[in-house]
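First the structure, in the form of structure tokens, and then the observations on it.
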Amino acid sequence: HFPILLKSHPATAPVAYGEGIAVITVDDTMHIISQTGDTTPISLSIQGSVQAAPEVFQDILAIYDKGFSGNILLLKGTEQMQQVPVLGLAYGSPSIMNKGENYMAFLTQAGILKIWKLTEISVEEIVTTKLNGVFFTNVVNNGNYFFALSEQGMLYRIALDGSVLTVQLPDMTAKEGVITVASPATMYSTAKTTVQSSNIYVGVDGNVIYGFNEHLELLPGFPVTGKGKPIFIDANGDNAADCFTITMDNKLTAYNLR
């Protein structure tokens, strides 16, 4: 049933949503496309523009409508739940996690961080704080905390009570940095035990990737050479995840983690 011709150009990369994919086009329409090619268009109330792929968490989809007075649109299925106002420009999309209840965090470029508790009928703001620095990437989460990375190479961990833990990457900047979480990646598996990782991996403005646990302690074997996001897979069959990176000179590098 593919390819499918949409009526307008995609504004962002598509995301997996439900049993199909969601594509937002520049005419402020979201298209829900099923595995059989059936397309459901949904008109969005966009005031500015959508420039980042939406955040998908279970059956919730969060879209950042970018502008100085922007909004986060929350949808469940094909129905719009809420429209949450945000002040100031930002990059990326919100991050949603479940810790008994659903929580959403969003960070502006100027460092204003807000956390909301999401329910079926309301969005309750529970944290507003100011992080020092300029931010070119938004927050991520590992199911326990939210994490942010400033242009100046400061890594932040933010709890639901608003408390903040930081670590400064030595002599590093991150204007083009990335922060990602293995959520979860199986680090090793045996007949008796399976250990899952919820670590944080930080790519900076250079040929180096840092790895931290959720307490912001440097992981054994890190930093490693590479840029962007590392990939973890057991490539040699020893029941331990190996770390693969691409270096700035376009080499594929693999590390055996112990």
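Only heavy atoms go into these numbers, but all of them, side chains included; no hydrogens, no water, no symmetry mates. Just so we're clear, the structure is a prediction, and the values are computed from it rather than from any experiment.
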Aromatic Y91 / basic K66 pairing, under 6.0 angstrom, 45° off normal = yes
query = Within the side chain of D242, is there an N or O that forms a donor-acceptor pair under 3.5 Å with the backbone of D234?
reply = no
ask   = Would you say the side chain of T225 lies within less than 4.5 Å of the side chain of V208, judging by non-hydrogen atoms?
value = no
ask   = Are there more than 12 heavy atoms of other residues, nucleotides or ligands under 6.0 Å from atom CD of E125?
value = yes
ask   = Do side-chain atoms of N102 reach the backbone of L118 as a donor and acceptor pair under 3.5 angstrom?
value = no
task = Would you mind telling me which of T78, L75, V23 makes a side-chain contact (heavy atoms from CB on, under 4.5 Å) with M30?
result = L75
request  = Quick one: closest heavy-atom pair of E55 and P94, and the distance?
outcome  = CB-O, 3.2 Å
Over 12 foreign heavy atoms within 6.0 Å of CD1, I231 = no
query = To the nearest 0.5 Å, how far apart are CD in Q47 and OG in S69?
reply = 10.0 Å
query = What pair of heavy atoms forms the shortest contact from A90 to L107, and how long is it?
reply = CB-O, 3.3 Å
message = Just verifying a value: how many Å separate H31 NE2 and I4 CD1, rounded to the nearest 0.5 Å?
response = 10.5 Å
ask   = How far apart are the closest heavy atoms of A53 and S93, and which atoms are they?
value = O-OG, 2.6 Å
ask   = For the residue pair T245 and C243, what are the closest heavy atoms and their distance?
value = CG2-SG, 4.0 Å
ask   = Is the side chain of S150 donor-acceptor paired with the backbone N or O of Q152 at a distance under 3.5 Å, no angle test?
value = yes
message = Within this structure, what is the CD1-OH distance for the pair I200 and Y145, rounded to the nearest 0.5 Å?
response = 10.0 Å
message = Nearest 0.5 angstrom please: K251 NZ to N207 CG, how far?
response = 10.0 Å
task = Kindly work out whether a path of hydrophobic side-chain contacts (I/L/V/M/F/W/Y, heavy atoms less than 4.5 Å apart) joins F57 to M81.
result = yes
key: Exceeds 12 heavy-atom contacts within 6.0 angstrom, atom CD of E120   = no
inquiry  = Counting the benzene-type ring for Trp, do Y201 and F232 have ring centres under 6.0 Å apart?
reply    = yes
request  = Look up atom CD1 in I24 and atom CD1 in I63, then write down how far apart they are to the nearest 0.5 Å.
outcome  = 4.0 Å
inquiry  = Within the 4.5 Å heavy-atom criterion, are E214 and F147 side-chain neighbours or not?
reply    = yes
ask   = When you measure from the side chain of Y17 to the backbone N and O of G77, does any donor-acceptor pair fall under 3.5 Å?
value = yes
task = Check the pair V84, N71 against side chain to side chain contact (heavy atoms under 4.5 Å, CB included), reporting the backbone distance first and the verdict last.
result = CA-CA 5 Å; V84 183; N71 295 284; over 6 Å; no
message = Could you walk me through whether D205 and K175 satisfy the salt bridge (Lys or Arg N to Asp or Glu O under 4.0 Å) test, starting with their C-alpha distance in whole Å, then the side-chain angles of each, then the deciding distance to 0.1 Å, before giving a yes or no?
response = CA-CA 7 Å; D205 297 339; K175 184 174 183 178; over 6 Å; no
task = Measure from the side-chain N and O atoms of Q168 to the backbone N and O of G153, and report whether any donor-acceptor pair falls under 3.5 Å.
result = yes
message = So which atom in F222 and which in I209 form the shortest heavy-atom distance, rounded to 0.1 Å?
response = CD2-O, 3.6 Å
inquiry  = Tell me whether D65 contacts the main-chain N or O of G70 through its side chain, where contact means a donor paired with an acceptor under 3.5 Å.
reply    = no
request  = Find out whether Y64 and V86 are in side-chain contact, i.e. whether some heavy atom of one side chain is under 4.5 Å from a heavy atom of the other.
outcome  = yes
task = Check step by step if side chain to side chain contact (heavy atoms under 4.5 Å, CB included) holds for M104 and S95.
result = CA-CA 6 Å; M104 178 176 70; S95 179; over 6 Å; no
ask   = Which heavy atom in L149 sits nearest to a heavy atom in T137, and how many Å separate them?
value = O-CG2, 3.8 Å
Test: K117 cationic atom under 6.0 Å from Y103 six-membered ring centre, within 45° of axis = no
task = Could you tell me the separation between the CZ atom of F106 and the NZ atom of K114, rounded to the nearest 0.5 Å?
result = 11.5 Å
